[in-house]
Participant: 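Questions regarding the structure given below will be posed in turn.
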4 protein chains.
Amino acid sequence: MYLRKKMKLPIFSYRIKTRYSETDKMGLIHHSVYLVYLEETRTAFWETLGFPYYKMEDEGYFVVVTSIEISYKKPLFYGDTIRVDILNFESNGLKFSYFYNIYNETRDYLSSYAKTSHVFTNKEKKVIRIPSEINEIVKKFL
Amino acid sequence: MYLRKKMKLPIFSYRIKTRYSETDKMGLIHHSVYLVYLEETRTAFWETLGFPYYKMEDEGYFVVVTSIEISYKKPLFYGDTIRVDILNFESNGLKFSYFYNIYNETRDYLSSYAKTSHVFTNKEKKVIRIPSEINEIVKKFL
Amino acid sequence: MYLRKKMKLPIFSYRIKTRYSETDKMGLIHHSVYLVYLEETRTAFWETLGFPYYKMEDEGYFVVVTSIEISYKKPLFYGDTIRVDILNFESNGLKFSYFYNIYNETRDYLSSYAKTSHVFTNKEKKVIRIPSEINEIVKKFL
Amino acid sequence: MYLRKKMKLPIFSYRIKTRYSETDKMGLIHHSVYLVYLEETRTAFWETLGFPYYKMEDEGYFVVVTSIEISYKKPLFYGDTIRVDILNFESNGLKFSYFYNIYNETRDYLSSYAKTSHVFTNKEKKVIRIPSEINEIVKKFL
């Protein structure tokens, strides 16, 4: 799907505990929930940086998902503790992408990896360039 | 929980097919999803009456849930077709309540019954009296 | 809805952070998600007691929700930290009920209160008496 | 992302109405819900063919999602009617992929396109070759 960076510390890691309501009748966490975990991790990341999503929305811009690629390697079960690692970013002024691993800490294996891409929009839902304050923050990690 | 009206035709009936993602590891539809079914039924009801929710929101008022009571009698399974019946209303000018049955048509039994109560608010989230246009519509059923 | 115990410390408290995906277009946490928060709190409670849900299921019994009553007083927003308090239990050998407050810590108000009732079933989905090991644990709090 | 087949009738089309609970505070259908729509479409597809998912599970094999790629082009709103088209399949004996368009019928535009890949497992969650009865059915469309 894409080349994962090897042997590099994650930019950010976030722990989540899976919920009963997130399971399906196969006994596993439903595959759509992984997207929620990725989003929660992005949320926590920007909050840690002092620039939470609601602050972005207050300042009049919105982050919209434009594409997702995710590979499910090994399952997550109810009650498992997972760690979502943001491994890397990519940005071209308009599009902003994250690369992740989802690691199952309870069972000690890599569960899945993913890439999500995003654009910023204004209140009228027009795509805008990535705001400079966002760029400043991101640069520190690249 | 409350007295259900007996031997009376439902005011409105709506069919829904359960989804795989709505199951949990017990193999049943997760209990929180029933609230989504009730909401979808209210949505369809007002749409049928020519007064869909988004029109309400366009006109500047919002419907907020203030309480829910639900009794789960028999389960729903993946792929089942259910029928949500709105049995009755109750209104006192400020609070508006619906009474429902959720009937499992695939397995031919009553699955659950429920009552939901609501208030209307304006854009500033202040509770307002039930709009007269809503009252007019509802009166026809009482 | 029911008499809440006054001036008594909660039996158990659990903190949850609301998620973006849990909001709806009104800008609030969707009312169905509160049921997920209550369940997550029960889950954490039994885990704290050394008797997690999956252990129950491994031992061959399941906890099924039979009814829910919930009053929504004030909203939850994206990014809020909430605290779910289990205030009290009720048990009659067959049915087991919890009473809760959902407190919005970010905005410092009581958001909602709820009661959920449950029965235990065996693998064949037959209702059984509350297992003695569960009763032993619960007695300590009553 | 991948080459979409042009000018070819879809293999299967399925209509879904978006739900209020599926919106988020941006006023759009949350991006994770699209995966639920795709799954519901696969479900309906196999049901139409007389080989519903629960029958597969009864016969002892399970369909597991191994990867998803989705491009979000234009949004879905509450109340919109969407049409999910299965455009094509790909199968290599082990892995099975679907290609989709999600078309917003209410607003008359292509909302997104996606590819999902799957493997079959037995009850012990071991990957098995695609069952011959599945292959027989799929061949008719290729």
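All values below were derived from every heavy atom in this structure, side-chain atoms included, with hydrogens, water molecules and symmetry-related copies excluded. Everything numeric here is computed off the predicted structure, so don't read it as measured data. Residue numbers start from 1 in every chain, and the chains themselves are labelled A, B, ... in the order their sequence lines are given, proteins ahead of strands.
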Participant: Enumerate by number any residue of residues 15-29 of chain A whose heavy atoms lie under 4.5 Å from heavy atoms of chain D; in the absence of such residues, state 'none'.
Facilitator: A:K25, A:M26
Participant: Work out which heavy atom in A:L35 is nearest to a heavy atom in D:Y72; give both atom names and the distance.
Facilitator: CD2-OH, 4.0 Å
Participant: With a 4.5 angstrom heavy-atom cut-off, which part of D:V63 approaches chain A: side chain, backbone, both or neither?
Facilitator: backbone
Participant: Is the number of heavy atoms from other residues, nucleotides or ligands within 6.0 Å of OH (A:Y54) greater than 12?
Facilitator: no
Participant: To the closest 0.5 Å, what do you measure between NZ (A:K125) and NZ (D:K74)?
Facilitator: 15.0 Å
Participant: Test of understanding: with side chain to side chain donor-acceptor pair (under 3.5 Å), list the residues that count as partners of A:H31, not counting sequence neighbours.
Facilitator: none
Participant: What part of D:K73 gets closer than 4.5 Å to chain A, counting heavy atoms only: side chain, backbone, both or neither?
Facilitator: neither
